[in-house]
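Data block below; observations after.
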There are 2 protein chains.
Amino acid sequence: MTDPHPRESLSDQIRRGALLSTDCPSREVLKRMTSLWGLLVLMILRDGTRRFSDLRRAAAGVSEKMLAQTLQGLEADGLIDRHAFPVIPPHVEYSLTPLGIEAAERVAALADWVEVNLPRVMEARATRLAAE
Amino acid sequence: MTDPHPRESLSDQIRRGALLSTDCPSREVLKRMTSLWGLLVLMILRDGTRRFSDLRRAAAGVSEKMLAQTLQGLEADGLIDRHAFPVIPPHVEYSLTPLGIEAAERVAALADWVEVNLPRVMEARATRLAAE
DNA sequence: CAGTATCCCTTTTGATACTG
DNA sequence: CAGTATCAAAAGGGATACTG
């Protein structure tokens, strides 16, 4: 079994097809982080610990199924912690791990860039539309 | 028509549902940037101008349909430039716009983080698996 | 070469109902 | 409360054939 991530530049990895190739796990990790709900969960949890139902409210529009799926994926990746209190009714809290804090920062940087530059993007779309 | 992006903190926008709400265009922009092919195209073009067929080779596995669709989306967003030479056979070159260069940097930062920290993520997944 | 058009299959997602 | 199970709807994406 060869290491799919030798020490070479990122663009070299792209050329070699290692980065994000179908069989590279990084693709899945990136997907979970940049999916709409994954991204929202990471950003919401930057503000602190949240319960399942809090997250449902904060990530407006998410279904129970998708939220549960998203949380499980991020937890498996080690980006968030799940702490269940053994009480009835159930009480479960989610929070970012140190790894998740780092990840959330990058994701937030990207989302922030889009928010800040959205006017420029919208202008580009309008200009293009007007030209037709 | 009210401005969906007033000057308030990002987390306030999330709470208000403005960021990435179904009817906010930022969601679509982010989606194009973080889609597998969108991300790859942005990163490949960081190395310089490429022709359509070059991109097909560089982004191994992409279909003509998806590449064309991706390029049109990124072009409409003002992230890449399309320059068609009026010759036969056709010759079309794609490159990053100044806006696209900024965007590509953020995307690359995220992808780099995932690549660098993949071992930590994989370890988290393995640990979790072993605990069952 | 650089696409577009069409068909079809797979994956994703949402609604709803149910459980510990 | 915090999920799981199930089914139907919708979107995503590939293979192929065709065009300027």
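Protein chains get the first letters and strands the later ones, always in sequence-line order, with residue 1 at the start of each. Since we're looking at a predicted model, the values are computed, not measured.
Atom CE of B:M66 and atom P of C:dT6 are 18 Å apart (whole Å). Taking atom CD1 of residue B:I88 and atom C1' of nucleotide C:dG3, one finds them 14 Å apart after rounding to whole Å. Going from atom CZ of A:F52 over to atom C1' of C:dT19 covers 14 Å, rounded to whole Å. Computed from coordinates, the A:E28 CD to C:dT11 P distance equals 12 Å when rounded to whole Å. If you measure from atom CG of B:L55 to atom P of C:dA2, you get 9 Å, rounded to the nearest angstrom. Atom CG of B:L67 is separated from atom P of C:dC1 by 14 Å (rounded to the nearest Å). The CG atom of A:L36 sits 21 Å away from the P atom of C:dT11 (whole-angstrom rounding). The NE2 atom of B:H91 sits 17 Å away from the C1' atom of D:dG20 (whole-angstrom rounding).
If you check every strand for non-hydrogen atoms under 4.0 Å, A:R56 touches nothing. Heavy atoms of A:P90 sit under 4.0 angstrom from at least one base atom. Residue B:E93 is out of contact with every strand shown, counting any heavy-atom pair closer than 4.0 Å.
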Donor-acceptor contacts under 3.5 Å from residues 70-81 of chain A side chains, at least two apart:
unit_1	atom_1	unit_2	atom_2	d
A:T70	OG1	A:M66	O	2.7
A:E75	OE2	B:R128	NH2	2.8
A:D77	OD1	A:R32	NH2	3.0
A:D77	OD1	B:R125	NH1	2.2
A:D77	OD2	A:R32	NE	2.6
A:D77	OD2	A:R32	NH2	3.2

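The aromatic rings of A:H91 and A:F85 sit perpendicular, their planes meeting at an angle over 60°, well past the 30° parallel limit.
Side-chain N/O atoms of B:R51 include none lying less than 4.0 angstrom from OP1 or OP2 on C:dC1. Contact between the side-chain N/O atoms of B:Y94 and the OP1/OP2 oxygens of C:dC1 is not found at any separation under 4.0 Å. Within the structure, a side-chain polar atom (N or O) of B:K31 is placed less than 4.0 Å from OP1 or OP2 of D:dG12. A close approach under 4.0 Å does not occur between any side-chain nitrogen or oxygen of A:S63 and OP1 or OP2 of C:dT13. The side chain of B:Q69 places no N or O atom within less than 4.0 Å of a non-bridging phosphate oxygen (OP1 or OP2) of D:dG12. Note on A:R50: every side-chain N or O is 4.0 Å or more away from OP1 and OP2 of D:dC1.
B:L45 and B:Y94 make their closest contact through CD2-O, 3.5 Å (heavy atoms, listed as atom of the first residue, atom of the second, distance).
In this structure, the nucleotide among C:dG14, D:dC1, C:dG3 sitting nearest to the side chain of A:P89 is D:dC1.
Taking 4.5 Å as the limit, some side-chain heavy atom of A:L30 sits within range of a side-chain heavy atom of B:L39. Looking at B:R57 and B:S53, their side chains come closer than 4.5 Å, going by heavy atoms from C-beta outward. Side-chain contact check for B:L67 versus B:V41: some heavy-atom pair is nearer than 4.5 Å.
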Residues B:W37, B:L40; criterion side-chain contact (heavy atoms from CB on, under 4.5 Å); working and verdict: CA-CA 5 Å; B:W37 305 127; B:L40 275 179; 3.7 Å; yes

Start with the C-alpha distance between B:D54 and B:T49, add both sets of side-chain angles, then the distance that settles side-chain contact (heavy atoms from CB on, under 4.5 Å), and finish with yes or no. CA-CA 10 Å; B:D54 291 336; B:T49 297; over 6 Å; no

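One end of the helix from C:dC1-D:dG20 to C:dG20-D:dC1 points its axis 50° away from the other end's axis, with each axis taken from 5 pairs and the angle rounded to 10°.
Along DNA chain C, the nucleotide nearest to A:E64 and the one nearest to A:G61 differ in position, and the one closer to the 5' end is contacted by A:G61.
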